[in-house]
Amino acid sequence: MQPASLNGSYIFGTFAHILHCITMLTHIIKNAAGQGLKSLYPDTIIEIESIGINQTKPEFVGDYTVVLFPFVKLLRQKPDFLGDQLGEYLVANNTMFTAYQVISGFLNLTVSDSFFTDLLQKEFNNSNYGTSNLSHQKVMIEYSSPNTNKPLHFGHLRNNFLGFAVSNILKATGNNVIKANLVNDRGIHICKSMIAWQRYANGATPMSTGLKGDKFVGDYYVKFNDVYKQEVLDLMNSGMDKTHAEKEAPIMKDAQQLLRLWEAGNTATFDLWKTMNGWVYEGFDITYKRLGIDFDKMYYESETYLLGKAIVEKGLEKGILFKQEDNSVWIDLTAEGLDEKLLLRGDGTSVYMTQDLGTAVLKYNDYQLDRSVYVIADEQNYHMQVLKVILQKLGEPCADGIFHLSYGMVELPTGRMKSREGTVVDADDMVDEMITMAQEQTEQAGKTEGFTEEELNELYNTIGLGALKFYLLRVDPKKKMIFDPKESIDLHGFTATFIQYAHARICSILRKENMTIFPETKQFKELVITQKLSKAEKSIMVALEQYPTIIESAAIELNPANICNYAFQLSQLFNTFYDQHSIAKAENEEKKQLRLMMIVMIAQTLRHAMNLMGIRLPEKM
RNA sequence: GGACCGGUAGCUCAGUUGGAUAGAGCAUCAGCCUUCUAAGCUGAGGGUCAUUGGUUCGAAUCCAAUCCGGUUCACCA
């Protein structure tokens, strides 16, 4: 039995793989090499898929490399002989290859400049360059999914940025994406902040205190825990043992009573709950807006928590589930290498899993989903695996489309963030800090001239938020990350700032040439290119050609880090190119036009890539 | 104990159908602004790819075992 996460990516991966290869230059080369070998050795069957194509290492001449070793045995030829034979054939029969070189079993092919300049002339000003029709699935991405008892913290940011970026990436590859947020708006944790507010607030509100709504409510959640801790201590001092004291603490009993009242539909409780959640939502809205995060569909647990019971009943009828003596309902997953799992308590009330079963079916029925992606931290790997397996056993059609996009927790150097210990890095504070840093560095670099105050604020925002998003997205999602707030986040090197800067430099050149960032295409399309591409120019074109493939791989793996890496590399190539060649004062008019076209395409590709992650690129900085 | 995830330079990380001398960034050191934005570029140093064995022309990558770290296995959500 494959774990849920592997299973999901497998289904999607195989389908994608077929279309995947048709577009890329490497696949064209693969086919050409296959054809070549076929006509050189008509009696031997060679599987095209077995031909390995790599990008040629920079220390050698060439752009792409055919690995010859696999055919040595098959064709009974020495690798170097084979390389010469195939290289000669390809250059003679295919205008796209202009030269070859065989070095110790590797056939390095030089792809013609015209292949790349054709691509350049076709796509340089296409703001959709990179998008594809990889698949046409209807996909829901559930992400964010906050609790309404406290503000968002740094860990949530990773979730939000991931969900948002992955949604964009899947859209860019042809899918119909629904961004969903399942708000955890009910339960004992909400009642905790409610009871604390009732006891200690004296009617205070966010308005009366000037606090942001989510912070205001979060403070009462903290207050609950402080009081609770003290009450437990008091009880223990009066001789009660710890477990008992934790159950008997008055404030906890009050919170539980509130939960019962809420479930019974008590009006006063319901009103308070609505009011306090309303405050939290006002706060969340501000934060989401700042982050540039949005959703197409909101689900509320208060509306879904009773779902799932019907599914359990059906499972009982089918005999897939069983009842214990106390009337509780279970499923036996030991055959799948998992455990027995409770689905209904003896008193008929549901547990977390029950409601997740119901919600999975609800989502599926709402949208007829092909896939349902859950962006949830890796501490819930087991839960998500069980969820999928149960739905599969129950024969629910939504089951196979479920995919857990599991990500590692963001930890502090001291360990996990714990709200009860006050070690949580608040999301809003973090954003503020980043923006302040952006301001300091901009002022320090003396780059504030020529901006209005409003423009400067927007610029700091773009740089600060960009750095934050990039920092959290550049790492493989499944890896946990350690974040040291004291060292904060650098704005140099492998950062959004680096990419933003490259973009701003390009825009600056275009401005000086009196060109907009979306120049007229005519003058360029008519350009006849006769001169050889320099090494720096060629590497940029090779990289640009790869962009659609990069998005596809990010879509298949659900991994925005691929795009971060790509955008950074492209920026690096641009900076090197910029240092070596003048654009405005190019050697001649042809080169100037060519380079202008190239930087337009670089800028356009960088914008597209960063836009997928919700990162904006300034025209000036 | 079972299951799952991770271990690559001092630090943070790339390295995906097995391919050439394992790459970036930060930090350190040495150069480069009269010239399209130096938030940049060029170069140097820095590695037992956790360990051991296996598979083969070839292993950071695949397999097995071991070590270390994490998460999880609730009538919590």
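In what follows, chains carry the letters A, B, and so on, assigned in the order in which the sequence lines appear, proteins first and then strands, with residues in each chain numbered from 1.
A 3.5 Å limit on both hydrogen-bonding distances identifies B:C73 as the Watson-Crick or G-U partner of B:G1. With both pairing distances under 3.5 Å, B:U35 is matched to nothing as a Watson-Crick or G-U wobble pair.
Across B:G15 and B:C68, the matching P atoms stand 27 Å from one another, rounded to whole Å. For the P atoms, the distance from B:G18 to B:A59 is 13 Å, rounded to whole Å. Distance check on atom C1': B:U28 versus B:A20 gives 30 Å, rounded to whole Å. For B:A50 and B:C11, the P atoms lie 14 Å apart once the distance is rounded to whole Å. One P atom belongs to B:U8, the other to B:G58, and the distance between them is 27 Å to the nearest Å. Here, B:A60 and B:C13 have their C1' atoms 15 Å apart, quoted to the whole Å. Across the P atoms, B:C33 and B:U42 are found 15 Å apart, a figure rounded to whole Å.
Ring to ring, A:Y300 and A:W273 are not that close: their centroids are 6.0 angstrom or more apart. Ring to ring, A:Y374 and A:Y143 are not that close: their centroids are 6.0 angstrom or more apart. The aromatic ring centres of A:F494 and A:F470 sit less than 6.0 Å apart. A ring-centre distance under 6.0 Å is not found for A:H503 and A:F574.
In the set B:U16, B:C5, B:U37, the nucleotide with an atom closest to the side chain of A:K478 is B:C5. Checking B:U37, B:U35, B:G40 against every side-chain atom of A:K512, the shortest atom distance belongs to B:U37. Candidate nucleotides B:A39, B:G15, B:C41 were compared by shortest atom distance to the side chain of A:N562, and B:G15 ranks first. When distances are taken from the side chain of A:N54 to each of B:G19, B:U37, B:A24, the shortest belongs to B:G19. The side chain of A:R474 sits closest to B:U12 out of B:A24, B:A20, B:U12. Closest contact between the side chain of A:F60 and the listed nucleotides B:A20, B:A38, B:G19 involves B:A20. For A:F494, counting side-chain heavy atoms from C-beta on, the closest listed nucleotide (B:A39, B:A14, B:G25) is B:G25. Here B:C13 is the nucleotide among B:C41, B:A39, B:C13 with the atom lying nearest to any side-chain atom of A:M481.
Residue A:I499 contributes atom CD1, which lies 12 Å from atom C1' of B:G25 at whole-angstrom precision. As a whole-Å value, the separation of A:M24 CE from B:U17 P is 11 Å. When the P atom of B:G58 is taken as reference, atom CZ of A:F71 falls 18 Å away, rounded to whole Å. Here B:A39 presents its C1' atom at 14 Å from CZ of A:F470, a figure rounded to the nearest Å. In this structure, A:L387 places its CG atom 19 Å from P of B:C4, rounding to the nearest Å. Spacing between atom CD of A:E336 and atom P of B:C4 amounts to 14 Å, rounded to whole angstrom units. One interatomic measurement links the two molecules: CG of A:L573 to P of B:A24, which rounds to 12 Å at whole-angstrom precision. One interatomic measurement links the two molecules: CD1 of A:I489 to C1' of B:C11, which rounds to 15 Å at whole-angstrom precision.
At the heavy-atom level, A:P70 lies under 4.0 Å from base atoms of the strands shown. When heavy atoms are screened at a 4.0 angstrom cut-off, A:V475 is found touching the sugar-phosphate backbone but no base atom. Within the 4.0 angstrom heavy-atom criterion, only backbone atoms of the sugar-phosphate kind lie near A:K585; the bases stay farther away. Looking at heavy-atom distances under 4.0 Å, A:T495 makes no contact with the nucleic acid at all. If you check every strand for non-hydrogen atoms under 4.0 Å, A:Q500 touches nothing. Among the heavy atoms of the strands lying under 4.0 Å from A:H581 is at least one base atom, whether or not backbone atoms are also near.
For B:A38, one of the phosphate oxygens OP1 or OP2 lies less than 4.0 angstrom from a side-chain nitrogen or oxygen of A:R505. For A:Q569 and B:G25, the shortest distance from a side-chain N or O to OP1 or OP2 is not below 4.0 Å. Taking 4.0 angstrom as the limit, A:K479 places a side-chain polar atom (N or O) nearer than this to OP1 or OP2 of B:A14. Dashed line: the shortest gap from a side-chain N or O of A:T576 to OP1 or OP2 of B:U42 is under 4.0 Å. Distances shorter than 4.0 Å separate some side-chain N or O of A:Y578 from OP1 or OP2 on B:A38. Applying the 4.0 Å criterion to OP1 and OP2 of B:A20, one finds that A:K57 has a side-chain N or O inside that range.
Side chain of A:E552 to main chain of A:T173: no donor-acceptor pair is present (N/O by atom type, distance under 3.5 Å, no hydrogens or angles). No donor-acceptor pair closer than 3.5 Å links the side chain of A:N562 to the backbone N or O of A:I550. A:T462 places a side-chain N or O within 3.5 Å of a backbone atom of A:E458 that can act as its donor or acceptor partner.
Map A:N559 and A:I463 each onto its nearest nucleotide of RNA chain B; the residue landing nearer the 5' end is A:N559. In terms of position on RNA chain B, the residue among A:F498 and A:A584 whose nearest nucleotide sits closer to the 5' end is A:A584.
Salt bridge A:E587/A:K592: absent, no basic N to carboxylate O contact under 4.0 Å.
For the 3.5 Å distance criterion, the side chains of A:D378 and A:H404 fail to qualify, holding no donor opposite an acceptor.
One N or O donor and one acceptor, one from the side chain of A:T65 and one from the base of B:A20, sit under 3.5 Å apart.
Of the listed residues (A:R474, A:K478, A:K479), just one forms a side chain to side chain donor-acceptor pair (under 3.5 Å) with A:D476, and that residue is A:K478. Of the residues listed (A:I331, A:L344, A:L343), the one engaging A:M353 in a side chain to side chain contact (heavy atoms under 4.5 Å, CB included) is A:L343, and it is the only one. Between A:T148 and the choices A:N184, A:N277, A:D185, the side chain to side chain donor-acceptor pair (under 3.5 Å) rule is met once, by A:N277.
For B:C33, the glycosidic angle deviates from 0 by 90° or less, giving a syn base.
For residues 101-109 of chain A, proximity to RNA chain B is found at A:F106, A:N108, defined as any non-hydrogen atom under 4.0 angstrom from a strand atom.
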- Item | nucleotides 70-77 of chain B: protein proximity per nucleotide (B base, S sugar-phosphate only, - neither; heavy atom, under 4.0 Å) | -SSS-BSB
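For the pair A:M621/A:T442, no side-chain contact is recorded, criterion being any heavy-atom separation below 4.5 Å from C-beta on.
Here the straight-line distance linking atom CG of A:D332 with atom CG of A:D339 works out to 9.5 Å at 0.5 Å rounding.
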